[in-house]
Amino acid sequence: MMREGREQRPLLAADFERLLDRRGGDLARWPIAERAQVERLLASSAEARAALAAAERLDSVLDVVLAAPPVPAGLPGRIVARAETRKPAFGWFTASAWRPIGVACAPLLLGFTLGLVVGMDDDAAAADLEDRVLLAFHGTDFADFEVPGSQP
Amino acid sequence: MALVQHQDHEAFAVLVSRHLDAIHAFAYRFTRNADDAADLAQETFLRVWKSAGSWQAGRVKFTTWLHRIARNLCIDAHRRRQDATPVVIEEIESDGPGPHAAPEEEELRVAVTRALAALPERQRTAVVLCHRGMSNRDAAAVLNVSVDALESLLARARRTLRSVLGEYR
């Protein structure tokens, strides 16, 4: 779009072709401010007219390719009926009045969860260490520690 | 939508009747399968109903949010379908205007349909949203990109599709 106070560079056929790729061949969807300039270019440039014709051809093929069938007759009623059997998820939580409270509690919950997980990891590591020590000393000082397959 | 957030079934019915055409068309254009389009449209609105509380007025337009839900569901369905049946050329070939179209027109339609299906997802979605439909600005919001990025996606898609047309003069 042209900025006020600056002279507008004339639109060239190559620029127009690039714009057609970005905006499509339906000039009614283009910014109103640019249409007069496009009209002038189309009146003077065969290259621009060919570019527009190619874009319009693509649009008309897409009209066919992207044509969708009508919505099945019973679908709206089916959707509403299904909704009546479904409760909104966490409706009490997502309601805007409760959201700040939920957000405020999130770090607390995260801290609690992290503490639990780290604690579990420590226990697991301690148990693992205990197993390694028992196995290392088995058959020497810990002869009474029974291991399947070991000789008495 | 405020009424839907308060679980008003009548308001939900109005919302469905107002937006179902657009979402069903979007899902059909994306999947090219009538049954899938109906299922995906239904699931989109059920997600809206279930998650109505998470939409915040003023943050994102309702239609943008709605299309984002539909797009995500379409992408998931497309992935599942690709895993099950890698290429569904027969459907593309058997779908469309039928015996009234001239053979060369029919060939062109199939070629463009295939080229469209082969586009990267974001390029295909940009074309599906913008062709005689959403403004570039609204489509950019659905894809969560700038207008410039959206137009770049459109330009790359249209160049690919025009090159297919060039083979059918």
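Here the structure is a predicted model, which is why all the values come from computation and not from measurement. Throughout, a chain's letter reflects where its sequence line sits, starting with A, and its residues are numbered from 1.
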Undergrad: May I have the step-by-step check of side-chain contact (heavy atoms from CB on, under 4.5 Å) for A:D63 and B:H131, ending in yes or no?
TA: CA-CA 8 Å; A:D63 284 342; B:H131 182 69; 2.7 Å; yes

Undergrad: Do B:L161 and A:L62 have side-chain heavy atoms sitting under 4.5 Å apart?
TA: yes

Undergrad: Please say yes or no: joined through hydrophobic side-chain contacts below 4.5 Å, possibly via intermediate residues, are B:V147 and B:V145 part of one cluster?
TA: no

Undergrad: So for atom CZ, which belongs to B:R122, do other residues, nucleotides or ligands contribute more than 12 heavy atoms lying within a distance under 6.0 Å?
TA: no

Undergrad: If you count the non-hydrogen atoms of other residues, nucleotides and ligands that lie under 6.0 Å from CZ in B:R132, is the total more than 12?
TA: yes

Undergrad: Closest heavy-atom contact between B:C130 and A:R29?
TA: O-NH2, 3.1 Å

Undergrad: Ignoring hydrogens, what is the shortest heavy-atom contact between B:F12 and A:A83? Give both atom names and the distance.
TA: CE2-CB, 3.4 Å

Undergrad: Take A:I79 and B:L20 through the side-chain contact (heavy atoms from CB on, under 4.5 Å) test and state the conclusion after the steps.
TA: CA-CA 10 Å; A:I79 293 171; B:L20 181 57; 3.9 Å; yes

Undergrad: Do B:V127 and A:L19 belong together in a cluster built from hydrophobic side chains that touch within less than 4.5 Å?
TA: no

Undergrad: Which answer fits B:L150, side chain, backbone, both or neither, if we ask what part of it has an atom under 4.5 Å from a heavy atom of chain A?
TA: neither

Undergrad: Would you give the length of the straight line joining atom CH2 of B:W49 to atom CD of A:E84, rounded to the nearest 0.5 angstrom?
TA: 8.0 Å

Undergrad: Do the side chains of B:V60 and B:L73 join up, straight or via other hydrophobic residues, at under 4.5 Å, putting them in one cluster?
TA: yes

Undergrad: Can you say whether A:R82 sits under 4.5 Å from chain B via the side chain, the backbone, both, or neither, judging by heavy atoms?
TA: both

Undergrad: What residue in B:S135, B:G133, B:A41 has the most heavy-atom pairs under 4.5 Å with chain A?
TA: B:G133

Undergrad: Which atoms form the tightest heavy-atom contact between B:R158 and A:G24, and what is the distance?
TA: NH1-N, 3.0 Å

Undergrad: Are B:L116 and B:I75 connected, step by step, through hydrophobic side chains (Ile, Leu, Val, Met, Phe, Trp, Tyr) whose heavy atoms are closer than 4.5 Å?
TA: yes

Undergrad: Of the backbone (N, CA, C, O) and the side chain (C-beta and beyond), which part of A:V71 lies under 4.5 Å from a heavy atom of chain B, both, or neither?
TA: both

Undergrad: Side-chain heavy atoms under 4.5 angstrom apart, residues restricted to Ile, Leu, Val, Met, Phe, Trp, Tyr: same cluster for A:L12 and A:L42?
TA: no

Undergrad: A:R22 and B:A155: which non-hydrogen atoms are nearest, and at how many Å?
TA: CG-CB, 4.0 Å

Undergrad: Any idea which heavy atoms bring A:R57 and B:L165 closest together, and the distance?
TA: NH1-O, 3.2 Å

Undergrad: Which region of B:D148, side chain (C-beta onward) or backbone (N, CA, C, O), has a non-hydrogen atom less than 4.5 Å from a non-hydrogen atom of chain A, or is it both or neither?
TA: both

Undergrad: Please walk me through it: do B:Q42 and A:L75 pass side-chain contact (heavy atoms from CB on, under 4.5 Å)?
TA: CA-CA 7 Å; B:Q42 173 171 307; A:L75 186 58; 3.9 Å; yes

Undergrad: For the residue pair A:D21 and B:R162, establish whether any side-chain heavy-atom pair is separated by less than 4.5 Å.
TA: yes

Undergrad: Is it the case that the side chain of B:R32 and the backbone of A:L66 share a donor-acceptor pair, with hydrogens and angles ignored and the cut-off at 3.5 Å?
TA: no

Undergrad: Of the backbone (N, CA, C, O) and the side chain (C-beta and beyond), which part of A:L20 lies under 4.5 Å from a heavy atom of chain B, both, or neither?
TA: backbone

Undergrad: Identify which part of A:A28 has an atom lying under 4.5 Å from any heavy atom of chain B, answering side chain, backbone, both or neither.
TA: neither

